[in-house]
Participant: 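Attaching a single structure in structure tokens format; questions to follow.
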Amino acid sequence: MLIDSSGLSKVKDSVKEKIFFGHEPSAELIAILSVYFVQGILGLARLAVSFFLKDELLLSPAEVSAMLGVVAIPWMIKPLFGFMSDGLPIFGYRRRPYLILSGILGAIAWVSMATIVHSSWAATMAIALSSLAIAVSDVIVDSLVVERARVESQADAGSLQSLCWGATAFGGLVTAYFSGMLLEHFTTRTIFLITATFPLIVSGVAWLIAESPVNKDTNDTNNANSLSIKHQLTQLRQAVSQKTIWLPAAFVFILQATPTAESAFFYFSTNELHFEPEFLGRVRLVTSLASLCGIWIFQRFLKSVPFRVIFGWSTVISAVLGMTMLLLVTHTNRTLGIDDRWFSLGDSLILTVMGQIAYMPVLVLAARLCPPGVEATLFALLMSVFNLAGMVSYEVGAIIMHWLGITESNFDSLWILVIITNLSTLLPLAFLQWLPKDDTQTEALPTHSEPFIQNLILQEQESQVVE
């Protein structure tokens with residue numbers, strides 16, 4: 001029995017160390033990871049949405065790209081949701097009720113897609129509502145994560161963020177292949193109906209979040225909220241006035257705002273290369289595996305590498321590798337004896353790994369910049385810069401597609417779009433100096449600055465970790 005108990009203890013310790021990166025697998029941590037997992041598993045409907053917009057609503061690549069930018073608006077106003085969560089508790093609770101509400105809204109959105117959506121405007125509203133639901137739940141779990149990430153040791157820097165994004169990638173991995181396979185047997189609306197059940201998981205696990213009422217005296221609730229909101233605004237003003245915060249945020253915006261050709265490539269893959277939904281599901285499976293691989297590489301080898309080094313090399317490598325898409329769009333790969341499917345799989349694998357490696361430091365940096373009391377608000381503010389840039393990327397991409405005359409059947413100018421999108425990704429290299437150096441931060445701070453900013457600089461001096 002003693003041997004069995006000792007063996008069981010070793011297994012538990014191994015699971016804790018290898019799977020949970022050293023974090024105790026408490027009920028609350030499982031709940032947090034479940035929310036991230038649901039964000040990934042919602043990818044089940046991603047291909048269904050693309051085919052629904054293309055085949056049933058008959059939208060062009062430029063129209064789809066423009067729509068994707070619009071439905072991303074909830075992710076740009078994430079600070080509002082964080083502000084509400086931090087300063088406007090529901091029945092005295094700041095996190096749990098918002099998670100429950102987000103799950104309900106998500107279910108309503110997907111049920112609507114499965115039943116009453118028959119126009120592009122209705123689809124935009126329903127997808128935007130789903131985006132809103134995910135954004136709200138993301139803000140809440142992000143706030144829970146940064147509360148814990150702030151007290152991580154330097155040796156464990158970024159491990160909780162890696163764990164959470166690993167849960168999202170794993171959720172995407174679970175549904176990646178099925179997202180295409182199911183389209184071979186079911187209609188898009190049936191898949192939407194199946195997807196509607198997943199947000200309800202968020203509402204269910206919300207009850208596992210350990211949370212005490214903010215203020216049990218209901219008579220003082222309004223006054224307490226008013227003081228809390230003023231305190232948040234003061235902290236936010238002091239935080240965003242620091243160059244150590246807004247310069248990296250500006251760099252991230254430039255990095256993400258470069259135009260994308262995603263919508264055009266979907267139409268090219270299905271209408272020109274005739275990739276079936278089942279194969280596109282395989283591509284998603286590969287990219288989900290690649291995301292996990294990128295997270296593991298960052299966690300294992302790169303979490304102590306300076307921010308400038310990671311972004312500099314990942315940007316150059318991604319741009320060079322992205323140019324290989326010229327071989328596919330010009331069908332040169334066929335001349336070289338490389339099948340379209342194999343070429344597409346390999347390219348997606350490598351580019352996804354590089355993208356995930358480049359994105360992980362952004363999460364760690366944003367988490368460490370958050371002061372106590374406004375975790376959700378400031379983290380959402382920083383990440384909304386990334387999301388706003390994503391909308392700009394889609395909209396600029398849509399404009400370029402329109403200018404080049406790229407439609408659902410005309411891809412003659414797609415090679416020009418490939419060149420433009422890849423060369424534009426090199427633009428952020430001119431602003432690498434906006435990122436923190438790997439050496440000591442010497443910039444003086446005002447005496448009224450919040451301690452969290454001073455602690456951030458001390459942490460950078462001691463560990464030379466650029467999150």
Side-chain angles (χ1 to χ4, degrees), residues 47 50 54 60-66 68-69 180 254-276 279-287 289-291 293-294 311-359 389-390 392-430:
L47 281 178
S50 297
K54 180 176 79 77
S60 69
E63 289 172 332
V64 170
S65 186
L68 292 177
I254 296 173
L255 180 76
Q256 183 66 5
T258 55
T260 178
E262 180 180 326
S263 298
F265 269 110
F266 174 76
Y267 279 76
F268 178 76
S269 298
T270 55
N271 293 356
E272 177 73 14
L273 302 182
H274 305 293
F275 288 169
E276 303 85 2
F279 174 76
L280 293 177
R282 293 183 190 179
V283 175
R284 285 208 58 234
L285 178 62
V286 167
T287 55
L289 286 170
S291 293
C293 182
F311 273 103
W313 281 106
S314 62
T315 298
V316 172
I317 294 174
S318 296
V320 172
L321 293 176
M323 285 296 185
T324 60
M325 291 303 298
L326 288 172
L327 300 178
L328 185 64
V329 301
T330 59
H331 301 300
T332 305
N333 61 294
R334 298 176 181 176
T335 304
L336 298 175
I338 306 175
D339 183 77
D340 293 338
R341 286 171 169 77
W342 283 110
F343 189 94
S344 180
L345 281 173
D347 193 73
S348 299
L349 171 66
I350 298 173
L351 289 177
T352 301
V353 170
M354 295 304 304
Q356 192 67 59
I357 290 174
Y359 185 54
V392 173
S393 175
Y394 277 111
E395 299 302 333
V396 174
I399 293 173
I400 296 176
M401 289 177 213
H402 179 72
W403 284 347
L404 295 177
I406 297 174
T407 66
E408 60 274 12
S409 58
N410 182 10
F411 305 103
D412 294 340
S413 300
L414 185 55
W415 66 274
I416 301 177
L417 181 63
V418 171
I419 294 176
I420 292 174
T421 54
N422 280 282
L423 289 181
S424 66
T425 61
L426 298 175
L427 176 63
L429 293 178

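What's counted below: heavy atoms across the whole structure, side chains too, no hydrogens, waters or symmetry copies. The structure displayed is predicted, hence computed values, not measured ones.
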Participant: Do Leu423 and Met323 have side chains that approach each other closer than 4.5 Å (heavy atoms only, starting at C-beta)?
Facilitator: yes
Participant: Minimum heavy-atom separation for Pro259 and Val396, please, with both atom names.
Facilitator: CB-CG1, 3.8 Å
Participant: Between Leu47 and Gly281, which heavy-atom pair has the shortest distance, and what is it?
Facilitator: CD1-N, 3.7 Å
Participant: I'd like to know if the side chain of Thr324 reaches the main chain of Leu321, judged simply by a donor and an acceptor atom lying under 3.5 Å from each other, with no hydrogens or angles considered.
Facilitator: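 Checking the backbone N and O of Leu321 against the side chain of Thr324, a donor-acceptor pair under 3.5 Å is found.
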Participant: Can you check whether Ala389's main-chain N or O pairs, donor with acceptor, with Ser393's side chain at less than 3.5 Å?
Facilitator: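 Judged by distance alone, no pair lies under 3.5 Å.
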Participant: So if I apply the side-chain contact (heavy atoms from CB on, under 4.5 Å) rule between Ser65 and each of Glu395, His402, Glu262, Met401, which one comes out positive?
Facilitator: Met401
Participant: Could you tell me whether a side-chain N or O of Ser344 sits under 3.5 Å from a main-chain N or O of Arg341, the two making a donor and an acceptor?
Facilitator: no
Participant: Which value, rounded to the nearest 0.5 Å, describes the distance between Phe265 atom CZ and Phe411 atom CZ?
Facilitator: 10.5 Å
Participant: Would you compute the distance between atom CG of Leu326 and atom OG1 of Thr332 and round it to the nearest 0.5 angstrom?
Facilitator: 8.0 Å
Participant: Enter the distance from Leu327:CG to Leu336:CG here, rounded to the nearest 0.5 Å.
Facilitator: 6.5 Å
Participant: What is the distance from atom CD1 of Ile254 to atom OG1 of Thr425, rounded to the nearest 0.5 Å?
Facilitator: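 Answer rounded to 0.5 Å: 13.5 Å.
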Participant: Do side-chain atoms of Asn271 reach the backbone of Ser409 as a donor and acceptor pair under 3.5 angstrom?
Facilitator: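 No, because the side chain of Asn271 does not come within donor-acceptor range (under 3.5 Å) of the backbone of Ser409.
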Participant: Let me see the working for Ile416 and Ile400 under side chain to side chain contact (heavy atoms under 4.5 Å, CB included), right down to the final yes or no.
Facilitator: CA-CA 10 Å; Ile416 301 177; Ile400 296 176; over 6 Å; no
Participant: What's the separation between atom CD1 in Ile399 and atom CG in Leu404, rounded to the nearest 0.5 Å?
Facilitator: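 Here the rounded value is 12.0 Å.
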Participant: Between Thr287, Val283, Val286, which is the residue that forms a side-chain contact (heavy atoms from CB on, under 4.5 Å) with Thr352?
Facilitator: Thr287
Participant: Verify side chain to side chain contact (heavy atoms under 4.5 Å, CB included) between Thr260 and Thr421, making sure each step is shown before the conclusion.
Facilitator: CA-CA 6 Å; Thr260 178; Thr421 54; 5.8 Å; no
Participant: Please find the pair of heavy atoms, one from Val418 and one from Gly322, that lie closest to each other, and give the distance.
Facilitator: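 It is CG1-O, 4.0 Å.
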Participant: Decide yes or no on side chain to side chain contact (heavy atoms under 4.5 Å, CB included) for His331 and Glu272, but give the supporting numbers first.
Facilitator: CA-CA 11 Å; His331 301 300; Glu272 177 73 14; 3.4 Å; yes
Participant: State the NE2-CG distance between His274 and Asp340, to the nearest 0.5 angstrom.
Facilitator: 10.0 Å
Participant: Looking at every heavy atom in both Pro428 and Ser424, which two are closest together, and how far apart are they?
Facilitator: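 Looks like CD-O, 3.9 Å.
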Participant: So which atom in Leu68 and which in Tyr394 form the shortest heavy-atom distance, rounded to 0.1 Å?
Facilitator: CD1-CE2, 3.6 Å
Participant: Does the pair Val64 and Phe266 meet the rule for a side chain to side chain contact (heavy atoms under 4.5 Å, CB included), with working shown?
Facilitator: CA-CA 10 Å; Val64 170; Phe266 174 76; over 6 Å; no
Participant: Check Leu273 against Arg334 and note the closest heavy-atom contact, atom names and distance.
Facilitator: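 Closest pair (atom of Leu273, atom of Arg334, distance): CD2-NH2, 3.6 Å.
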